[in-house]
2 protein chains.
Amino acid sequence: MDRMDTPCGLDVSLSIVGGKWKPLILFHLQEGPTRFADVKRRVGGISEKVLIQQLRDLVEMNVLVRRDHQRVPPMVDYSLTPFGRTLVEALIPLCEWGTRNRATVAKLSRSTIDMET
Amino acid sequence: MDRMDTPCGLDVSLSIVGGKWKPLILFHLQEGPTRFADVKRRVGGISEKVLIQQLRDLVEMNVLVRRDHQRVPPMVDYSLTPFGRTLVEALIPLCEWGTRNRATVAKLSRSTIDMET
DNA sequence: GGTAGAACCTACCAAAAGGTATGTGAGAAA
DNA sequence: TTTCTCACATACCTTTTGGTAGGTTCTACC
C-alpha cells in the first residue's frame, strides 16, 4: 500500500522501448559497440528500413550513440549511453520473467489461436 | 558477460504487456478486484471498446480473472491472478525508471517534436 | 568488367492498433 | 415516464507500425 501513491511510469518507459524490435536491439547491444550490419544479423528477421528507424529513435532519446568512423565503405557503430544502460538494467527483470515463462505463454497463445481456426 | 547466454525474454513479456494501455491497467488493478467502470475511470482517457479488448487479452493470458456476480444491472470485476502478480513485480523496475526519468524523457520528446514544426 | 558489401534512402503497401459513434437490456433513480 | 448506469457489442474510420522492393555511392575483390 505504499506503492499506490507512486504514479505509474510505464508509459514513459514504453514510449522509448515499446514496439516490436527495440528491446531486442538493446539486448544485443549490451556486448558493446556494434556495426549496423552486425546488429541486423544478430537481431535477425528485421528489415533494414525498420532497423534504421528504431536505431535513430533510440539515438534521439539518448539511449544509444552513433559513431561514424568516416570511412569508405561506410563504418558506423552504435552503443549504449550511460542513460541507456540504466534503461537496460530496468528491463532485466522483465526479460527474465519472459525467459522463465516463455513456455507457459507460448502454450496460452497457441490455445487461443487454436480456437480461431 | 554471464547474461549474454540468456536468451532475451522481452519479446514474451511485451507480447502480453505491450501496447498503450495494458501496463496502466495492471498498475491500477494492484489495489484489488475492480469493476469495469472503475477501471475505466482510474485509467482515464481509454475508450470502452479498447478497455474490454485489453481486459479480455489479459484474462486469456491468465494475468487477470474476470468474475461475474450474476446481477442485474451487471456486476463484474477483474483482479490479478498469482501469475499476473509475478508479472507486475517484474514491471516495477521499469515503472520506477519511467517515473525517475519522466521529465528527462519529456524534454527529449519535445525537442524532437519542435524540430518537426 | 562484374559483383559484392558497407550504411543508408525512397516510394509504396499491408496489417495492426486505436478511436468514435451508436445500440442493447434491465433495473434503479428522477 | 424519462433518464441513468452497468457491462458490454458492432460497424466504421484513422493512425501507427511494420514490411517489400527498389536505388545510391563508394571501395575491394575476382
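Just so we're on the same page: letters track the sequence lines, and every chain starts at 1. Fair warning: this is a prediction, and the values are worked out from it, not measured in the lab.
Residue order along DNA chain C, read from the 5' end via each residue's closest nucleotide, puts A:Arg66 first among B:Lys20 and A:Arg66. When each of A:Trp21 and B:Leu55 is assigned the nucleotide of DNA chain D with its nearest heavy atom, B:Leu55 is the one assigned upstream, toward the 5' end.
At the phosphate of D:dG18, OP1 or OP2 sits under 4.0 Å from a side-chain N or O atom of A:Gln54. Put simply, B:Arg71 has no side-chain N or O that comes within less than 4.0 Å of OP1 or OP2 on D:dC6.
Protein atom CD of B:Gln53 is 15 Å distant from nucleotide atom C1' of D:dA7, rounded to whole Å. Distance CG (A:Leu14) to P (D:dT17): 12 Å, rounded to an integer number of Å.
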Name the atoms and distances for all side-chain donor-acceptor pairs under 3.5 Å in residues 16-26 of chain B, with sequence neighbours left out.
{"unit_1": "B:Lys22", "atom_1": "NZ", "unit_2": "B:Asp57", "atom_2": "OD2", "d": "3.3"}

Less than 3.5 Å apart, which donor and acceptor atoms pair up between the side chains of residues 70-83 of chain B and the rest of the protein, not counting sequence neighbours?
{"unit_1": "B:Asp77", "atom_1": "OD1", "unit_2": "B:Arg67", "atom_2": "NE", "d": "3.2"}
{"unit_1": "B:Asp77", "atom_1": "OD1", "unit_2": "B:Arg67", "atom_2": "NH2", "d": "3.4"}
{"unit_1": "B:Asp77", "atom_1": "OD2", "unit_2": "B:Arg67", "atom_2": "NH2", "d": "3.4"}
{"unit_1": "B:Asp77", "atom_1": "OD2", "unit_2": "B:His69", "atom_2": "NE2", "d": "3.0"}
{"unit_1": "B:Thr81", "atom_1": "OG1", "unit_2": "B:Asn62", "atom_2": "O", "d": "2.7"}
{"unit_1": "B:Thr81", "atom_1": "OG1", "unit_2": "B:Val63", "atom_2": "O", "d": "3.2"}
{"unit_1": "B:Thr81", "atom_1": "OG1", "unit_2": "B:Phe83", "atom_2": "N", "d": "3.4"}
{"unit_1": "B:Thr81", "atom_1": "OG1", "unit_2": "B:Gly84", "atom_2": "N", "d": "2.8"}

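With sequence neighbours excluded, the residues that form a side chain to side chain donor-acceptor pair (under 3.5 Å) with B:Arg41 are B:Asp38. Applying the salt bridge (Lys or Arg N to Asp or Glu O under 4.0 Å) rule to B:Arg56 yields no partners; only residues at least two apart in sequence or on another chain are considered. When the side chain to side chain donor-acceptor pair (under 3.5 Å) test is applied to A:Arg102, the partners found at least two apart in sequence or on another chain are B:Asp11. In terms of the side chain to side chain donor-acceptor pair (under 3.5 Å) criterion, residue partners of B:Thr86 (sequence neighbours excluded) are, by chain and number, A:Trp97. For B:Arg85, there are no salt bridge (Lys or Arg N to Asp or Glu O under 4.0 Å) partners, not counting sequence neighbours. Among residues two or more places apart in sequence or in another chain, the salt bridge (Lys or Arg N to Asp or Glu O under 4.0 Å) test is passed with B:Arg42 by B:Glu31.
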Check nucleotides 25-30 of chain D for protein N or O atoms closer than 3.5 Å to its own N or O atoms and list the pairs.
none

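In the helix from C:dG1-D:dC30 to C:dA30-D:dT1, the end axes, each obtained as the rotation axis mapping the C1' atoms of four pairs onto the next four within a five-pair block, lie 10° apart to the nearest 10 degrees.
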Go through A:Phe36 and A:Ile52 one step at a time and tell me if the side-chain contact (heavy atoms from CB on, under 4.5 Å) criterion holds. CA-CA 8 Å; A:Phe36 177 84; A:Ile52 298 170; 3.3 Å; yes

Check step by step if side-chain contact (heavy atoms from CB on, under 4.5 Å) holds for B:Val39 and B:Leu29. CA-CA 8 Å; B:Val39 179; B:Leu29 280 175; 4.2 Å; yes

Under the side-chain contact (heavy atoms from CB on, under 4.5 Å) criterion, do B:Met61 and A:Ser109 qualify, and how do the steps go? CA-CA 7 Å; B:Met61 297 312 283; A:Ser109 310; 3.6 Å; yes

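A heavy-atom distance below 4.0 Å to DNA chain D is reached by these residues of residues 40-52 of chain A, ordered by number: A:Ser47, A:Lys49, A:Val50.
For the residue pair B:Pro93 and A:Pro93, the shortest heavy atom distance occurs at CG-CG, 3.6 Å. A:Val105 and B:Ser15 get closest at one heavy-atom pair: CG1-OG, 4.2 Å.
Along DNA chain C, the stretch of nucleotides lying under 4.0 Å from any heavy atom of chain B spans, 5' to 3', C:dG18 to C:dG27.
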